[in-house]
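Working notes, beginning with the structure itself.
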Amino acid sequence: MSVPVRTLFFAAYRDRLGLSELMVELAQGATVADLVAELRGRGSPFDLLPEQPAVAVNRAYALMSEPLDSGDEVAFIPPVAGG
Amino acid sequence: MSVPVRTLFFAAYRDRLGLSELMVELAQGATVADLVAELRGRGSPFDLLPEQPAVAVNRAYALMSEPLDSGDEVAFIPPVAGG
Amino acid sequence: MIFARVVADVIDPVEVLARVGSDEDGAALLFLGVVRDHADERPVSGMRYDAYADMAGEVLQAIAEEAAQRLGTDRVAVVHRFGELGIGEVSVAIAVSSPHRAEAFDASRYVIEQIKQRLPVWKKEHYVDGASEWVEGTVPPRAASPTVSTAAWEGGSA
Amino acid sequence: MIFARVVADVIDPVEVLARVGSDEDGAALLFLGVVRDHADERPVSGMRYDAYADMAGEVLQAIAEEAAQRLGTDRVAVVHRFGELGIGEVSVAIAVSSPHRAEAFDASRYVIEQIKQRLPVWKKEHYVDGASEWVEGTVPPRAASPTVSTAAWEGGSA
């Protein structure tokens, strides 16, 4: 059984990848780290993502070790610059 | 030759003295300290003024040693509470 | 009465300020972040703010609640804008009020520093020479509830 | 553009805020001192501010100029009111703006702390029980140009 997650890319990451959203199928028990590895493993342009990006899972900052569930929303968060 | 100065009393000092303004004749060479001593020497209610009040001479905070000239405006400044 | 919004519309600072205040309060403080015409000496013509709007609304609410804790009142209103902004336009308005001023200054500063550290918002500067660049930002915390230390939010520029 | 006034009229905070700001500025800060309904737990119905108006105008101008030095811009506007004020009425409004926020917070705080230390203004609290008392104040400096130390203006209440 695969775990579909919705990934979001913002700002500089969106510009680098040329896309803002992507559905990814992960293996059961996959973590954020696995998602990042899966994406970077696809090569250009996904290898432009950092190895250890800041991410939010379901709109909360999360560690690379965070396990992912079906339907989770995982956002890649470039360094923030509000204000 | 006497030196006339205009003295002003504010807030609590004005309430204590029951007056807000007074012309005082001082001797040539008199300082703020001399003015204070002259007033306190008059007895009640002037002895309710502190021995070392904060004062302003011509709208600038001044030391007790400040010499006074004819026509100077000397204000007795109770502890301030703006804001 | 805590109010926190991430919006696409023009911010009315007076409206934000009007959301705070109480008969108990002796101090009110309104902070405005404004798009300025330069960045490190380089002339800027405008700024584009991108937001992860859903998350930003939640993070801004959390920041406002933390600020209210420091403030000791629930009189905290903060609005952050996204989209294209011209020079002089307000990107963020923060209003707080409290019985005493020290807490108001502290809470206002807390909100803006936390916004810069945690709010999932990004800005792209448009330069007068025609180029545009994402502003170098701050790596956000890796966990949902960052430790709030005094040292963590003091200092910083802009 | 430094603006400092001691006035008998109602203060319009929006007008004071509008006196600062510039295309160079990324931060604006408006502080309002407001009459609150209590003093150390005692219910207050209003406040009377007395001023040595001529001197207060000069001192406020000096404070604003010192704040502008700290701020690095001349965008400082401060208005202090005297007379009878009701609960919720603004007794002082301080607006500053600058390229970066740290200086704006610093300058705003400087102005209010210096007002409390030096401005020849006094306030009498009117209590709900009918009594009135002069608020215990701060002994002002004995010389025209006080030494401005950081320690001297930090802290304090209200």
Side-chain angles (χ1 to χ4, degrees), chain A residues 4-24 30-37 39-40 45-83, chain C residues 6 31-36 39 47-63 78-82 90-94 109 111-125 132-146 153 156-158:
Chain A
V5 300
R6 181 171 173 241
T7 58
L8 303 177
F9 305 101
F10 291 96
Y13 293 167
R14 183 189 54 218
D15 284 1
R16 279 184 217 168
L17 267 52
L19 83 169
S20 59
E21 193 173 336
L22 187 71
M23 289 306 297
V24 180
T31 62
V32 170
D34 295 324
L35 168 63
V36 175
L39 286 172
R40 284 175 46 84
F46 291 99
D47 54 3
L48 295 174
L49 290 172
E51 279 181 62
Q52 305 259 342
V55 297
V57 176
N58 300 330
R59 298 180 300 283
Y61 289 112
L63 299 173
M64 294 294 280
S65 56
E66 179 100 350
L68 295 173
D69 288 328
S70 180
D72 278 350
E73 179 175 294
V74 183
F76 286 71
I77 310 278
V80 301
Chain C
V6 175
F31 173 85
L32 301 177
V34 182
V35 177
R36 61 173 182 266
M47 193 91 88
R48 175 203 169 94
Y49 283 82
D50 272 18
Y52 179 9
D54 291 344
M55 178 176 170
E58 294 179 17
V59 171
L60 201 57
Q61 177 73 28
I63 291 170
V78 51
V79 181
H80 199 298
R81 187 175 166 196
F82 62 92
V90 174
S91 55
V92 58
I94 302 163
R109 190 76 192 264
V111 173
I112 185 63
E113 301 303 332
Q114 288 294 312
I115 282 173
K116 291 185 178 268
Q117 291 204 354
R118 293 158 62 186
L119 198 70
V121 167
W122 303 271
K123 54 192 169 197
K124 190 175 233 174
E125 283 167 349
S132 287
E133 273 173 33
W134 290 107
V135 172
E136 196 176 340
T138 303
V139 176
R142 299 303 172 102
S145 303
W153 63 271
S157 71

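All of these numbers come straight from a predicted model, not from anything done at the bench. By convention in this document, chain letters (A, B, ...) are assigned in the order of the sequence lines, proteins followed by strands, and residues within each chain are numbered from 1.
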Side-chain donor/acceptor of Tyr49(C) to backbone N/O of Ala81(A), under 3.5 Å: no

Exam field: side chain His80(C) to backbone Gly82(A), donor-acceptor pair closer than 3.5 Å: no

Nearest 0.5 Å, what's the [atom1]-[atom2] distance between [X] and [Y]?
| X | Y | atom1 | atom2 | value |
| --- | --- | --- | --- | --- |
| Tyr13(A) | Trp122(C) | OH | CH2 | 9.5 Å |
| Asp50(C) | Arg14(A) | CG | CZ | 4.5 Å |
| Leu8(A) | Met55(C) | CG | CE | 11.0 Å |
| Asp15(A) | Glu133(C) | CG | CD | 11.5 Å |

If I compare all heavy atoms of [X] with all of [Y], which pair ends up nearest, and what's the gap?
| X | Y | answer |
| --- | --- | --- |
| Val80(A) | Arg118(C) | CG2-N, 4.0 Å |
| Ile77(A) | Pro140(C) | CG2-CG, 4.0 Å |
| Leu119(C) | Tyr61(A) | C-OH, 4.2 Å |

Option in Ala75(A), Pro78(A), Ala56(A), Pro53(A) with maximal non-hydrogen atom pairs under 4.5 Å from chain C: Pro78(A)

Candidates Phe82(C), Tyr52(C), Trp134(C) - the one meeting ring pair (Phe, Tyr, Trp, His ring centres under 6.0 Å) with Phe10(A): Tyr52(C)

Atom group of Ala62(C) that falls short of 4.5 Å from chain A, counting heavy atoms: neither

Heavy-atom contact with chain C under 4.5 Å, split by part of Glu66(A): neither

Most contacts with chain A, counted as non-hydrogen pairs under 4.5 angstrom, among Pro120(C), Gly57(C), Ala56(C): Pro120(C)

For chain A, the option from Val139(C), Val92(C), Thr138(C) that forms the most heavy-atom pairs under 4.5 Å: Thr138(C)

